[in-house]
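Let me begin by presenting the structure, written as structure tokens, before commenting on it.
Fair warning: this is a prediction, and the values are worked out from it, not measured in the lab. Each chain gets a letter, A, B and so on, in the order the sequences are listed, and its residues count up from 1.
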Amino acid sequence: MGGLQKKKYESGSATNYISRNKARKKLSLSLADFRRLCILKGIYPHEPKHKKKVNKGSTAPRTFYLLKDIRFLLHEPIVGKFREYKIFVRKLRKAYGKAEWSGVQRMKENKPAYKLDHIIKERYPTFIDAVRDVDDALSMCFLFSTFARTGKCHVQTIQLCRRLGVEWMNYIITSRSLRKVFLSIKGIYYQAEVLGQTITWIIPYQFAHDHPTDVDYRVMATFTELYTTLLGFVNFRLYQTLNLVYPPKLDGQGEFSLKSECEEDYALESESYSEKLAALSASLARTVPSVEDEEAELDHFPAEGVKKKKKNLEQNKQKKLFEGLKFFLNREVPRESLAFVIRCFGGEVSWDKSLCIGSTYDETDETITHHIVDRPTIDKQYINRYYIQPQWVYDCVNGKILLPVEEYFLGVTLPPHLSPFVEESEGDYVPPEKLKLLALQKGEKPPEEDEEEEEEEEDDEDDEEEDDQSEDEDEAEDEASLAEMEEKRAQGKSLSVKVTPGKVKPENRMRTEQEEKAEEKRLAIMMMKKREKYLYDKIMFGKKRHVREANKLAAKRKAHDDANKPDKKKKKKKC
Amino acid sequence: VGLHSLSMSKFTLILTSLNLQVLDKCKIFSSVSLLVFITFSVRSQDIRNTVGNIPMEWYKDYPHIGYDLDGKKLFKPIRNKDELDEFLDKMENPDYWRTVQDKMTGADIRLSDEQVDLVHRLQQGKFGDVNFNEYEPAIDFFSNEVMIHPVTNRPQDKRSFIPSLIEKEKVGKLVHAIKMGWIKPRRPKETTPQYYDLWAKEDPNSILGRHKMHVPAPKMKLPGHEESYNPPPEYLMSEEERLAWEQQDPEDRKLSFLPQKFACLRAVPAYSRFIHERFERCLDLYLCPRQRKMRVNVNPEDLIPKLPKPKDLQPFPTTQSLVYRGHSSLVRSISVSPSGQWLVSGSDDCTVRFWEVSTARCLKTVEVGGAVKGVAWNPNPSICLVAVSYDDTVVLLNPGLGDRLVCTASDQLISSYEEPEEVKDQLVQWAVAEGEGHEQGHRLILKHPKAVRQVTWHGKGDYLACVMPDNGSSLQVVIHQVSKRRTQNPFRKNKGLVQCVSFHPIRPYFFVATQRYVRVYNLIKQELTKKLMANCKWISSMAIHPGGDNVICGSYDCRLAWFDLDLSTKPYKVLRHHKKALRSVAYHRHYPLFASGSDDGSVIVCHGMVYNDLLQNPLIVPVKVLKGHTITHDLGVLDVTFHPTQPWVFSSGSDGTVRLFT
């Protein structure tokens with residue numbers, strides 16, 4: 001027994017973590033380089049379980065990295081590249097100072113560059129890992145591709161981001177994997193299912209950015225560097241899975257038809273091809289000539305059940321949502337987004353020749369079925385097509401059916417645009433529009449009265465909830481009634497005694513049973529242990545808040561409807 | 001001294017400086033002490049002292065001042081001017097100001113006009129020579145114009161004519177290398193990144209060890225209906241909500257944006273915080289410490305303990321059936337007769353009322369001389385006596401209710417007392433009530449030295465214990481023996497403030513509850529047997545289980561502690577059922593029930609089953625919360641008592657009523 005006395009903080013969790021400054025010193029990197037390395041390698045601080053132990057007794061706020069992570073960084077070849085770059089910058093500065101222009105030229109030509117391929121491979125050992133993590137990469141690339149070509153970052157980066165974004169969109173169109181679209185006030189959210197992974201990204205509306213001053217663009221640029229590499233490799237692989245040519249090429253037949261006279265009006269010779277790709281109106285070339293969409297019938301096993309089969313069927317139906325429809329986009333609608341969405345679901349789309357490169361047919365085409373307009377009226381209207389607002393397209397995609405177009409005509413107040421990402425569980429507030437949509441999906445045609453019924457149902461629910469809350473009050477009421485009776489009795493003593501035939505109190509058996517149960521529960525709660533009681537109270541508090549919020553929304557909706565009802569009726573009368 | 005007006009360019013001669021000390025009588029030099037270097041021409045050196053440039057004070061003590069060219073001593077000139085002469089000289093001699101003494105020779109020298117001028121010029125920092133022009137026009141030697149003649153006439157090197165051999169060799173080597181294909185022109189740099197199938201050989205097992213600790217970043221939250229450009233109307237904020245939102249800290253806001261509604265897609269503007277949000281996401285990804293957190297996914301119903309249903313534990317009081325009205329102030333204490341037919345209540349309105357339990361009729365009202373603090377019915381069914389305490393007095397009353405035989409028997413018991421032969425000094429004065437008091441039912445009056453708070457009977461009905469709480473005093477508890485009219489103070493010393501006392505129902509034990517502890521004394525052995533720690537701040541009341549092995553204590557900090565005396569001195573269970581201070585607790589005589597009354601106006605009845613089997617712990621289940629008393633002056637229920645035979649509970653409250661729950 002015995003042995004040396006153990007010292008504090010020399011084993012255990014204190015040795016597993018390292019503070020940022022120490023890590024930086026260990027790697028002998030400047031803070032900026034350390035930051036860059038962490039971003040590229042995906043190293044992030046860890047929150048230790050016992051912070052005070054790790055912090056050697058101090059409670060100062062510190063961020064901790066895993067020591068293993070930092071050791072892992074020690075052998076990173078890219079650190080050497082960082083140092084090389086540092087030296088390069090120093091040499092270049094010196095050459096500038098000495099005005100050695102030939103030296104500057106030479107050095108610039110031999111500027112050290114690094115590749116992130118190995119880091120991508122290391123961070124995402126399998127392809128699925130990479131696909132799973134592509135959300136942020138997409139959002140970032142789409143943001144960067146909307147930047148102006150001056151100022152905040154290199155033009156090459158912006159061009160690369162644009163190229164990768166277009167490649168991605170083309171892939172989504174070809175694979176028809178878009179699932180949901182949402183027009184928010186921030187931008188347009190898209191959700192696609194790629195190789196079984198749900199991927200969501202956001203594209204801002206097409207406006208010039210007001211660049212904020214409190215954003216560190218170096219951090220953003222480092223992330224973009226990583227993300228472009230990742231996205232490039234992912235795109236390559238995805239194109240391979242569909243037998244598409246990478247870098248993407250337009251389908252041969254399409255190319256001839258696309259060559260119109262006004263091509264040179266839009267872009268330089270060098271850029272016209274990429275612009276045409278970006279127009280998203282033509283299909284891509286394949287390495288193996290494609291057999292027209294012959295989907296391999298999946299074997300389904302009885303164990304999977306009918307549900308899965310049904311779901312598959314539904315999905316296939318959704319993929320062909322716009323098939324056979326011909327759209328024409330007016331110039332004020334967001335062209336890229338609409339073209340993307342329509343083509344993802346098999347529709348044909350075109351626009352005015354003067355709007356953008358790559359239009360396939362004119363406005364005068366007789367076969368156009370839907371004309372998308374976002375202005376109150378339009379002068380020249382063709383009879384055999386619907387003039388609708390852009391929200392129709394998005395709502396159809398989210399509803400997975402072709403919605404009735406009446407509510408989306410020009411100049412009509414649009415129905416609310418709901419988020420497709422909200423999945424209401426039991427007890428949540430469901431907006432009536434959603435209920436309507438669900439009914440439509442089931443194939444019912446809800447008449448007007450239905451709505452009111454639903455409202456009533458909601459009211460009932462509310463009542464029940466109130467019941468739960470107001471049991472205590474009930475007791476108080478009972479007491480009050482008892483007191484009243486007693487008072488009456490007292491009065492009766494002083495006044496004349498009168499016996500009236502008693503009424504049989506209808507005994508609500510259900511009610512009494514419920515009350516009994518509630519009381520039993522209350523008594524049992526009294527016997528809970530302190531810790532469990534705390535947890536229980538917390539859970540119940542959360543639940544109650546949830547209910548309260550739902551009730552609030554419902555009440556707000558009701559107030560709004562009540563306020564607007566007279567207007568509606570008036571309108572109906574007028575009609 | 002011959003002085004020359006030399007041009008300053010010739011001044012570069014080795015200067016032997018002659019320190020001319022400007023005499024302080026000299027007007028122009030009076031403020032400035034300066035050394036003027038004056039040169040002498042070679043010609044003037046024949047008179048000169050040959051000692052050289054040395055401090056002349058070395059010769060201070062000698063008659064001579066140096067040596068001439070021949071090596072003979074140069075004697076100091078005789079200076080016998082005293083102060084007065086000096087002064088006269090200064091006054092009379094017009095050249096006094098330009099007279100300086102030559103230190104080398106000791107002679108007075110009158111400076112010439114040129115010399116004075118030179119001194120002036122030097123003082124002003126000018127050149128000594130008047131004619132010297134310091135600003136002569138500069139003539140460029142080299143100019144931009146190419147002259148016909150070279151600057152230097154050096155002939156060119158030979159190597160500038162013949163080709164270099166070394167260079168030729170180098171070029172030859174390069175040409176050879178190009179010919180052989182060793183040197184190739186530089187490939188144009190690739191600017192676009194090259195992509196390839198990175199995962200061609202993917203190995204799912206190659207996941208590094210550190211990935212065990214890897215916490216993937218959570219995905220961004222998906223937007224809800226409120227973020228739509230055209231949300232349902234209920235998701236828009238009302239005016240007040242918007243104001244509240246604006247006043248909140250950006251960190252506290254539930255939504256980071258204001259929901260807005262636009263009539264058409266065309267009207268939707270750019271979102272100004274888009275870049276910010278992406279940037280914040282970036283920061284989260286690389287700066288935010290990550291931790292795996294186990295989310296508690298418990299069904300709250302599972303947390304509730306499984307208890308036997310109260311229905312199965314019947315009988316217990318469930319409803320309020322009778323209210324005994326009559327008191328006009330707080331009813332501090334109640335007690336039920338051993339037969340269960342009568343109820344006595346003592347109130348702050350200085351009355352004691354006797355009630356018939358089954359009808360709630362007030363049969364008798366006895367007025368006493370102060371607010372009644374405690375009443376206790378004698379538990380012996382053969383004696384009809386009630387102890388009432390008010391102020392510092394305890395009165396034994398005979399209410400005269402029930403069996404007349406019993407009443408007369410108890411009267412006789414008191415009157416049959418015979419004075420013992422030797423009269424001892426008693427702590428308490430015993431007096432027999434007479435006259436009006438006797439008619440009202442007063443039988444014995446015990447005057448205590450201090451205010452009495454609680455009275456309690458021993459089970460046999462002969463002994464009566466009184467509590468007179470007083471911190472630090474040795475006389476806090478007294479025990480009276482009624483049949484012998486004797487009083488004793490059982491404790492030599494009391495620790496702490498005694499709250500209440502109680503007799504053990506079977507054994508000769510005595511329970512004393514102080515603020516935080518309950519002490520159990522053996523009365524026969526006269527020793528402390530147990531000290532129970534109640535784990536609460538201030539005990540208010542105590543009750544002993546009829547079996548005698550379990551004690552409950554109510555406290556002012558809302559707790560009720562159940563002690564199992566066989567188990568431990570710490571509470572077996574602490575119940576926090578009440579929201580406010582407990583005022584009283586009580587056990588039922590037969591049924592496994594106990595009740596507690598509290599300031600929150602409720603009486604909670606619990607099932608408290610004690611098993612004969614020593615291995616089985618008592619089972620405690622709350623069965624009913626009885627509410628009825630209204631809260632006045634922040635006080636609710638003040639006393640609770642069980643009916644001796646029925647599962648009924650009486651409670652008295654601050655609203656001046658006594659209520660029966662059956």
**OP:** Can you label the angle between the W199(B) ring and the F233(A) ring as parallel, tilted or perpendicular, going by 30° and 60°?
**Re:** perpendicular
Original post:
Under the 3.5 angstrom rule, does the side chain of H225(B) hit a backbone N or O of S419(A) as a donor-acceptor pair?
Top reply: yes
Subject >> Pair D117(A), Y196(B): side-chain N/O donor-acceptor within cut-off below 3.5 Å >> reply: yes
Subject >> Plane angle bin for F274(B) and H209(A) - parallel if under 30°, tilted between 30 and 60°, otherwise perpendicular >> reply: tilted
Subject >> salt_bridge(K552(A), E241(B)) N-O dist < 4.0 Å >> reply: yes
Original post:
Who among L222(B), D197(B), L307(B) has the most heavy-atom pairs with chain A under 4.5 Å?
Top reply: D197(B)
Original post:
What are the two closest non-hydrogen atoms of P310(B) and L523(A), and how far apart are they?
Top reply: CG-CD1, 4.2 Å
**OP:** Under 4.5 Å heavy-atom distance to chain A, tell me which part of C606(B) shows up: side chain, backbone, both or neither.
**Re:** neither
Subject >> Shortest non-hydrogen contact between L414(A) and Y229(B), atoms and distance >> reply: CD1-OH, 3.7 Å
Original post:
Does any heavy atom of chain A fall under 4.5 Å from the side chain of R186(B), the backbone, both, or neither of them?
Top reply: side chain
Original post:
Would you call K624(B) and E519(A) a salt bridge, using N to O less than 4.0 angstrom?
Top reply: yes
Original post:
At a heavy-atom separation under 4.5 Å, does K306(B) approach chain A through its side chain, its backbone, both, or neither?
Top reply: neither
Original post:
Out of D133(A), D210(A), L160(A), which one racks up the most heavy-atom pairs below 4.5 Å with chain B?
Top reply: L160(A)
